[in-house]
Amino acid sequence: MLCSSVWGALYPYQININGISNNTAKAKLLLPPFSSFKNIRYVAGICTTISFAYTFTSGGLILARNKDDVLNNCLCLGAVASYTQWLFKKDANIIWTNRLAAGVALTSIIYANTGYEVESL
């Protein structure tokens, strides 16, 4: 999860492909076979942020309600659905979300490797 979020931030979502904007394309273009491999990094960043939103919401509800049940999962699903709708409204939302996820990932890696060592008892 950490690697894909960093990868998605270094190569943010493509706004303009072959001179055609993603939001204004009217016709469907036939893509050559295996041409989607270059877009894996964008999709990896998007999937990472969506899974992070689910995990964060689920953990927060478990702490708030002190239970892990089906209601938490349903509420998390609703939160992720609304987050996903917001995410795909503008290309800028995807770019900044991927950058934020990469920042969190890099910060956690740096913190984990530079923290203090606890002496054993």
Distance, nearest 0.5 Å, that separates [atom1] of [X] from [atom2] of [Y]:
{"X": "L77", "Y": "T57", "atom1": "CG", "atom2": "OG1", "value": "10.5 Å"}
{"X": "T97", "Y": "I50", "atom1": "OG1", "atom2": "CD1", "value": "9.5 Å"}
{"X": "L63", "Y": "S58", "atom1": "CG", "atom2": "OG", "value": "9.5 Å"}
{"X": "I46", "Y": "N93", "atom1": "CD1", "atom2": "CG", "value": "11.0 Å"}

Practice task
Could you list who else is in L71's hydrophobic cluster, with ILVMFWY side chains joined at under 4.5 Å, directly or through other members?
Solution key: L61, L75
Problem - Remaining members of hydrophobic cluster (4.5 Å side-chain criterion), Y111 - result: none
Exercise for the section: Check whether more than 12 heavy atoms from other residues, nucleotides or ligands sit under 6.0 Å from atom CG of D69, and answer yes or no. Expected result: yes
Exercise for the section: Any side chain to side chain donor-acceptor pair (under 3.5 Å) involving residues 72-83? Give me the pairs, sequence neighbours left out, ordered by first then second residue. Expected result: Y54-N73, R65-N72
Practice task
Would you list the pairs meeting salt bridge (charged side-chain N to carboxylate O under 4.0 Å, His left out) in which at least one residue belongs to residues 42-53, sequence neighbours left out?
Solution key: none
Practice task
Any salt bridge (charged side-chain N to carboxylate O under 4.0 Å, His left out) involving residues 44-59? Give me the pairs, sequence neighbours left out, ordered by first then second residue.
Solution key: none
Practice task
Is it possible for you to say whether F88 and W86 belong to one hydrophobic cluster, with membership spreading through side-chain heavy-atom contacts below 4.5 Å?
Solution key: yes
